[in-house]
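See structure below.
The chain is numbered in sequence order, starting from 1. Being a predicted model, the structure only gives us computed values, none of them experimental. As the structure lists them, so they are numbered: ligands from 1, and atoms in each ligand from 1.
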Amino acid sequence: MANINAAAAHQAKPSPYDSFLARFNVAADIINLDQRFRDILSSPERVMIVNLPVKLDDGTTRVFEGYRVVHSTVMGPSKGGIRYASFVDLDEVKALAGWMTFKCALVGLPYGGAKGGITLNPKIRSTDELERITRAYTRALKDVFGEDSDIPAPDMGTGGREMAWIFHEYSRTYGYTPGVVTGKPLHLGGSKGRIPATGWGVMLTSLLAVEKLGKKVEECTCAVQGFGNVGSWAAKLLSDEGMKIVAISDHTGGYYNHDGIDVRDAVKHLKAHGTLESYHGATPFSNEELLAMDVDVLVPAAIENVITKDNANDIKARLIVEGANGPVSSDADAILDEKGMLIVPDILANSGGVTVSYFEWVQNRRGHYYSEEEIRDKTAPILSEAFEKVYNTHKEYNCSMRIAAYIVAIERLATGIDLEGNY
Ligand code: NAD
């Protein structure tokens with residue numbers, strides 16, 4: 001019942017793809033983008049729906065619906081994660097695929113954008129069931145995936161384990177191909193630094209934004225929504241930098257401590273119990289209260305559409321750094337802009353993950369592996385340069401950082417489309 005309600009609540013929120021298009025159109029208007037580029041970039045190249053009959057542990061068969069959307073291959077093979085959640089639908093996957101195109105173009109990676117998903121609640125499926133579902137999904141899309149065509153990665157509800165199954169299932173048909181998927185376990189060709197990469201990028205871009213606001217990191221308080229891969233690493237790394245993390249949350253609710261949360265202790269609790277529920281180091285409160293907290297920095301790192309026109313007026317943070325994809329719906333943009341908030345948009349703030357994924361792919365293809373320090377040294381300038389470019393564009397056009405990020409990405413994509421010619 002809880003899952004059905006969660007899915008219904010998710011459906012009632014604004015369409016993520018509409019949010020993607022709304023921002024795209026604002027940026028396109030500012031730079032007077034030619035209609036040809038508008039048409040190409042506002043429609044995904046390929047949309048695939050696969051129905052996967054899978055035998056469950058109780059002997060019955062259930063058909064799971066899966067998606068893969070390739071938004072663009074203009075800048076290179078399409079790249080994007082696979083999401084397992086009960087609320088996954090085609091609209092969401094299309095938006096996530098579009099954001100991947102813009103993210104990769106923004107940070108200058110030789111990739112286009114894609115995304116995949118299966119509508120299922122991974123928490124109620126056994127490991128064996130998840131393996132069968134993941135292998136069925138891989139078989140259904142084996143002619144789409146490829147190290148030079150479409151390269152999946154983890155997203156919400158998936159991780160190294162699922163990527164290892166995809167790598168193995170794909171290699172059964174095409175031979176050893178580690179570069180077909182990123183986010184693999186280290187043991188199977190994964191990259192050092194991939195697990196914390198997205199949270200690490202959130203930390204880095206938060207520090208750059210705090211500096212632009214003329215603040216010192218040790219003076220800042222922060223609330224982080226979502227305590228999975230992105231949120232927990234962002235919280236830990238920001239706390240290591242001296243920021244006071246006063247609130248964290250997951251799907252069980254929010255947890256607040258005025259004196260600062262001991263993030264390592266919270267991670268230990270999560271590892272032991274699987275959720276933050278009954279975490280003793282903080283007082284429980286709601287996710288809505290977390291979003292409305294009077295903190296310097298708010299990091300939404302869970303799901304889409306948590307800030308909409310309905311609660312945008314309640315937001316008090318001076319800086320929002322979007323760890324999640326699409327946490328702010330487009331109908332909230334004007335309200336937040338009016339309040340003078342600085343927002344580091346998702347396609348910039350969480351681009352550390354795909355950047356290290358790119359280095360994983362490079363390492364797989366060369367058969368030569370880097371240390372974690374080398375990975376950080378290669379990733380940091382890419383993110384810092386993208387941040388500066390977006391910040392300067394935001395000043396140049398007097399627009400939000402989000403629209404500036406879209407402008408930078410659109411200009412690169414339009415140049416690529418133009419150079420390809422009319423075929
Ligand atoms: P995850 O599954 O590891 O963690 C998700 C977290 O959000 C969990 O703590 C979960 O309990 C919490 N959550 C779920 N529903 C919630 C709700 N309604 N309210 C509050 N918390 C809720 O996922 P992740 O990989 O950390 O991804 C989080 C977000 O970051 C997603 O939007 C994803 O697309 C984006 N992202 C992830 C990566 C990556 O490398 N993992 C890269 C780029 C962007």
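- The shortest side-chain heavy-atom distance between Tyr111 and Met75 does not fall under the 4.5 Å cut-off.
- Below 3.5 Å of separation, one finds an N or O of Thr198 facing an N or O of ligand 1.
- Atom 11 (O) of ligand 1 has His251 ND1, 2.7 Å as its closest protein atom, hydrogens excluded (heavy atom only).
- From the protein, the heavy atom lying nearest to atom 27 (O) of ligand 1 is Val230 CG2, 3.9 Å.
- Neither the backbone nor the side chain of Pro154 has any atom closer than 4.0 Å to an atom of ligand 1 (non-hydrogen atoms only).
- Among all non-hydrogen protein atoms, the one lying nearest atom 18 (N) of ligand 1 is Ile303 CD1, 3.5 Å.
- By the criterion of a heavy-atom distance under 4.0 Å, both the backbone and the side chain of Asp250 are placed next to ligand 1.
- Relative orientation of the Tyr170 and Tyr174 rings is tilted, given thresholds of 30° and 60° on the angle between their planes.
- Below 3.5 Å of separation, one finds an N or O of Arg83 facing an N or O of ligand 1.
- Note on ligand 1: Glu304 sits outside its first shell, no heavy atom being nearer than 4.0 Å.
- Around CZ of Arg172, the count of heavy atoms belonging to other residues, nucleotides or ligands within 6.0 Å does not exceed 12.
- Contact annotation: Gly157 has at least one heavy atom less than 4.0 Å from an atom of ligand 1.
- The shortest contact between atom 34 (O) of ligand 1 and any protein heavy atom is with Asp155 OD1, 2.6 Å.
- Taking the six-membered ring for Trp and the full ring otherwise, Tyr255 and Phe227 have centroids separated by 6.0 Å or more.
- Scanning the protein heavy atoms around atom 7 (O) of ligand 1, the nearest turns out to be Ala302 CB, 3.4 Å.
- Taking all heavy atoms of Gly228, Gly231, Gly352 into account, the minimum distance to atom 4 (O) of ligand 1 is reached by Gly228.
- Here Arg194 has side-chain heavy atoms under 4.0 Å from ligand 1, and that is the only part of it that gets that close.
- The protein atom (non-hydrogen) at minimum distance from atom 9 (O) of ligand 1 is Phe227 N, 2.9 Å.
- Classification of the Phe285-Tyr256 ring pair by plane angle, with boundaries at 30° and 60°, yields tilted.
- Comparing Ile347, Leu270, Asn325, Val356 against atom 36 (N) of ligand 1, the shortest heavy-atom distance belongs to Asn325.
- Heavy-atom distances between Ala324 and ligand 1 reach below 4.0 Å in at least one pair.
- No more than 12 heavy atoms of other residues, nucleotides or ligands lie within 6.0 Å of NZ in Lys268, so this atom counts as exposed by the packing criterion.
- Separating the CD1 atom in Ile347 from the NZ atom in Lys103 is a distance of 8.0 Å, to the nearest 0.5 Å.
- The two residues Ile343 and Met401 come nearest to each other via the heavy atoms O-CB, 3.0 Å.
- Taking the six-membered ring for Trp and the full ring otherwise, the centers of Phe102 and Tyr406 sit less than 6.0 Å from each other.
- A perpendicular orientation is assigned to the rings of Tyr370 and His368, their planes being inclined by more than 60° (bins at 30° and 60°).
- Counting protein heavy atoms only, atom 3 (O) of ligand 1 is closest to Asn229 N, 2.9 Å.
- Here the heavy atom of the protein found nearest to atom 19 (N) of ligand 1 is Asn287 ND2, 3.6 Å.
- Just one of Lys184, Met163, Arg365 meets the side chain to side chain contact (heavy atoms under 4.5 Å, CB included) condition when paired with Glu360; it is Lys184.
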